Colleague: 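Here's a structure for you.
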Amino acid sequence: MDINRGSMNALFTAVKAALALGLAMASLPAAEIAMEVKSSTKIENYPMTKLLSSMREWVGPRKVQDLKSELLAVVNGDFEHTIGIDRNDFEDDQMGLYTPMFQMMGQDANNLWGRLIKNAMVANGDWLDGEAFFGASRTYGNNTIANYVTTALSETTFNTAYEAMMSYQNHADQAIGVVPDTLIVGPTNRTVAHGIVNQGPGATAANPNAGLVKVIVHPLLVGTYANYWFLGQFNGVVKPILLQKRKVGALTRMDSETAACVFEKNENQYGLHYRGAAALALPHLLYAGFKS
């Protein structure tokens, strides 16, 4: 096939079509466990403690909630993926070798958000109060918000986590009203998780946890993270995880005769540039079991 501007345009159209197919094949959980927020700058700041205030009976003058005003700062990162196409392969009608690569490029690009979410969950970075997000000593006023254990997932640890979350109180000593709805595990804990929250066939007694939460088996909770598990409330106005999408860049091309990669390598290059970040939002909405 001749290499000219027309054939390069046709090639770019085919590459974008393959990429689009891959974008629709993202397989990592994202929207169901993270709250997407608009990002318009390098660092976004969130006054998360303001979300802990609650309605009170109006007696006398209004009471302005005297809560800490620290901001949760979330810094967007840069991410890229670039693929080179040997122009000889195009000239020799070998483009079939590249179509799956661009489909995988699209799938990987859309899975970036799920990876960022998982990384935030397992990293257990500091929250806005300077303490690790998952811990046993955080307080809201006089009330402890313990959301972390180092024991394996079992019916006992699940019940402990579930009851702890439902018992959380805020700065005003009022019940927060957390109702966990999702259990996230890796493939290793798949059968354990389903055994806890499902009514097994032939069971002689009702399972009080049957249908209590849904189970998400996260394909990235493997290896070092195989026994990590998370219980959270994800169906509220605010989810426990924030997802910033600062930039979802369109596919860019370097395939002109004057492009450096063409002149030096006889290679077209096509790349994506994304910007974004994920962070954990409110400790009372997510409980973790970090069992190594």
Side-chain angles (χ1 to χ4, degrees), residues 28-30 32-35 46-49 51-52 68 70-75 113-171 176-186 188-189 192-193 196 213 215-218 220-236 238-244 277-292:
L28 299 182
E32 62 267 48
I33 61 174
M35 178 175 64
Y46 303 94
M48 300 309 300
T49 50
L51 297 176
L52 301 179
K68 294 181 179 179
E70 290 94 340
L71 299 176
L72 179 65
V74 182
V75 182
W113 313 117
R115 289 184 180 277
L116 293 179
I117 291 167
K118 169 261 179 181
N119 290 345
M121 292 169 67
V122 303
N124 195 21
D126 288 348
W127 197 49
L128 55 84
D129 57 5
E131 296 185 21
F133 183 88
F134 296 111
S137 60
R138 174 172 287 106
T139 57
Y140 288 178
N142 297 318
N143 302 297
T144 300
I145 306 295
N147 64 346
Y148 169 72
V149 291
T150 57
T151 47
L153 177 65
S154 67
E155 183 178 1
T156 299
T157 53
F158 172 83
N159 288 335
T160 298
Y162 193 91
E163 292 163 12
M165 295 183 74
M166 291 198 70
S167 301
Y168 290 152
Q169 293 180 289
N170 64 16
H171 292 74
I176 299 176
V178 178
V179 181
D181 55 68
T182 303
L183 177 62
I184 303 174
V185 300
T188 298
N189 276 323
V192 174
I196 293 171
V213 301
V215 174
I216 292 180
V217 180
H218 201 302
L220 298 186
L221 292 178
V222 296
T224 302
Y225 313 114
N227 288 310
Y228 283 32
W229 57 275
F230 302 87
L231 179 66
Q233 177 180 304
F234 296 93
N235 62 3
V238 177
K239 290 182 172 65
I241 305 170
L242 299 172
L243 176 62
Q244 292 179 179
L280 303 184
L282 292 171
H284 61 271
L285 294 180
L286 193 61
Y287 194 106
F290 289 171
K291 176 62 178 177
S292 60

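What you are looking at is a predicted structure, and each value in this text was computed from that prediction instead of being measured.
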Colleague: Which residue in the set Val149, Ile184, Val192 passes side chain to side chain contact (heavy atoms under 4.5 Å, CB included) when paired with Trp229?
Modeller: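 When side chain to side chain contact (heavy atoms under 4.5 Å, CB included) is applied between Trp229 and each of Val149, Ile184, Val192, only Val149 qualifies.
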Colleague: Donor-acceptor pair, distance only, cut-off 3.5 Å: does the side chain of Asn147 make one with the backbone of Leu286?
Modeller: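 Yes: the side chain of Asn147 pairs with the backbone of Leu286.
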Colleague: Can you find a heavy atom in the side chain of Glu32 that is under 4.5 Å from one in the side chain of Ile216?
Modeller: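 The answer is yes, as the side chains (C-beta and beyond) meet within the 4.5 Å cut-off.
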Colleague: When you compare the side chain of Val179 with that of Asp181, does any pair of heavy atoms fall below 4.5 Å?
Modeller: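 In short, these two side chains do not touch, never coming nearer than 4.5 Å.
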Colleague: Do His284 and Tyr140 get their side chains close enough for a donor-acceptor pair, meaning under 3.5 Å?
Modeller: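 Looking only at side-chain atoms, Tyr140 and His284 do form a donor-acceptor pair, the distance falling under 3.5 Å.
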Colleague: I'd like to check Asn189 versus Asn227 (side-chain heavy atoms, cut-off strictly below 4.5 Å). Are they in contact?
Modeller: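 Contact flag for Asn189/Asn227 side chains = yes.
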Colleague: So, using ring pair (Phe, Tyr, Trp, His ring centres under 6.0 Å) as the criterion, who are the partners of Trp113 when residues are at least two apart?
Modeller: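 For Trp113, the residues satisfying ring pair (Phe, Tyr, Trp, His ring centres under 6.0 Å) (neighbours in sequence not counted) are Tyr274.
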Colleague: Before we go on, tell me: are the rings of Phe230 and Phe290 under 6.0 Å apart, centre to centre?
Modeller: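 Yes, close enough.
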Colleague: Quick check: do Tyr225 and Met121 have side-chain heavy atoms less than 4.5 Å from each other?
Modeller: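 They are not in contact (no side-chain heavy atoms under 4.5 Å apart), so the answer is no.
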Colleague: How long is the gap from CG on Leu71 to CG on Leu128, to the nearest 0.5 Å?
Modeller: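 CG of Leu128 is found 8.0 Å from CG of Leu71.
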Colleague: With heavy-atom distances below 4.5 Å as the criterion, would you say the side chains of Leu221 and Val185 are in contact?
Modeller: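 Contact flag for Leu221/Val185 side chains = no.
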Colleague: Quick one: do the Thr157 and Ser154 side chains pair a donor with an acceptor below 3.5 Å?
Modeller: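 Thr157 vs Ser154: donor-acceptor pair found between side chains.
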Colleague: Does the side chain of Met166 reach to within under 4.5 Å of the side chain of Pro180, using non-hydrogen atoms?
Modeller: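 Side chain of Met166 against side chain of Pro180, heavy atoms only: contact under 4.5 Å found.
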Colleague: Do Thr156 and Thr151 have side chains that approach each other closer than 4.5 Å (heavy atoms only, starting at C-beta)?
Modeller: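 Sidechains of Thr151 and Thr156: no contact.
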